[in-house]
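Remarks on the structure that follows.
Residue numbers begin at 1 in each chain, while the letters A, B, ... track the order of the sequences.
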Protein chains: 2
Amino acid sequence: MNPDLTPVQAVACCSPLAREPLSEEVAEQVSVVLKALGDPVRLRLMSLVASHEGGEACVCDLNNAFDLSQPTISHHLKVLHEAGLLEREKRGVWAYYRARTDMLENLAAVIGGTPT
Amino acid sequence: MNPDLTPVQAVACCSPLAREPLSEEVAEQVSVVLKALGDPVRLRLMSLVASHEGGEACVCDLNNAFDLSQPTISHHLKVLHEAGLLEREKRGVWAYYRARTDMLENLAAVIGGTPT
DNA sequence: TTCAGACATCGACAAGGGTAAATATTCATC
DNA sequence: GATGAATATTTACCCTTGTCGATGTCTGAA
């Protein structure tokens, strides 16, 4: 078993759900990613960033899209970032988040990949 | 908007994450499914059922696969069932759960579907 | 260097969720 | 019907998490 398994690695390497039972370690890490997406606000944030032109969006735009405080949005973005779903880049005063489409594709493969 | 939108319907009908921003209602329901999978035990349960021959498994087997109490497993199976990910069938004294592969495929399409 | 704006972090609180013990329900068998 | 086995439900506990207000940090401009 890999003691340093990260969410990104777990999602990238493992077989589809339906092929063989997920190991405890892999399940632990994959569930981190799914838990990150398992919140309505974060799911919409992810969708907003991913569907934005260039696959990236400024935090200033994201804040306005919700009826939530700025710290709350910042917190959700951090969760998505730590799960490996968003990349963060600071340009001047502004912060931009970019969707990790490879993570989304790998995660989709784990969930819906055809067995065998 | 659809006031009676269920998780199953939301996952089946909506465009991929990266195509256009998810509506509040859809995000709410899709997040229910993702939240259901966003737990290590439930993820392994889902994988155990889906990878089992015939795509179904008996609760009696599932209980033995974890170091958790029977009510806890039963609770997790209920969450997966209510999210539309598992179907339940009682045969005699035993309960069998079957994986909704269509849900898994639709969910994968929402997450990893290629935009446009 | 001071100021203002953008974003992150901290601290705290209420709501939600995972867990197990106890109990209930359902079905096959005696 | 009474008993026992397989699951589900109820109740309660504790830890996690979503949220906000206050504060901190960093950057560009004056």
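- Residue A/Phe66 is classed as having no contact, given no heavy-atom separation below 4.0 Å to the nucleic acid.
- Distance from the side chain of B/Ala95 is smallest to D/dA8 among D/dA8, C/dC7, D/dC20.
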Item to complete: Decide yes or no on side chain to side chain contact (heavy atoms under 4.5 Å, CB included) for A/Met103 and A/Val11, but give the supporting numbers first.
Response: CA-CA 7 Å; A/Met103 273 292 282; A/Val11 169; 4.2 Å; yes
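- Distance from the side chain of B/Pro71 is smallest for D/dA8 among the nucleotides D/dA8, D/dA6, D/dG28.
- In the set C/dA8, C/dA6, D/dT9, C/dA6 carries the atom at the smallest distance from any side-chain atom of A/Trp94.
- Taking only side-chain atoms of A/Val59, from C-beta outward, the nucleotide of D/dT7, C/dT19, C/dA8 with the closest atom is C/dA8.
- When rounded to the nearest whole Å, the span between NE2 of A/His75 and P of D/dT23 equals 21 Å.
- Within 3.5 Å, no donor on the side chain of B/Gln70 pairs with an acceptor on the base of D/dA6, nor the reverse.
- Rounded to whole angstrom, the span from the CG atom of B/Asn63 across to the P atom of C/dT19 amounts to 13 Å.
- When the side-chain nitrogen and oxygen atoms of B/Ser74 are compared with OP1 and OP2 of D/dT7, none of them lie within a distance under 4.0 Å.
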Fill in: Derivation of the side chain to side chain contact (heavy atoms under 4.5 Å, CB included) call for A/Tyr97 and A/Leu45
CA-CA 10 Å; A/Tyr97 281 90; A/Leu45 275 172; over 6 Å; no
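- With DNA chain D read from its 5' end, the first of the two nearest nucleotides for A/Asp39 and A/Gly92 is the one closest to A/Asp39.
- A side-chain donor from one of A/Glu20 and A/Ser15 sits under 3.5 Å from a side-chain acceptor of the other.
- Nearest-nucleotide assignment on DNA chain D puts the 5′-proximal partner with A/Lys35, out of A/Lys35 and A/Arg91.
- Counting any heavy atom pair closer than 4.0 Å across all strands shown, A/Ile73 reaches no nucleic acid atom.
- The B/Arg42 side chain lies nearest to C/dG18 when the options are D/dT7, C/dA8, C/dG18.
- Closest to the A/Cys58 side chain, of the nucleotides C/dC7, D/dT19, D/dA8, is C/dC7.
- A salt bridge is absent between A/Glu56 and A/Arg88; no separation between the charged side-chain nitrogens and carboxylate oxygens falls under 4.0 Å.
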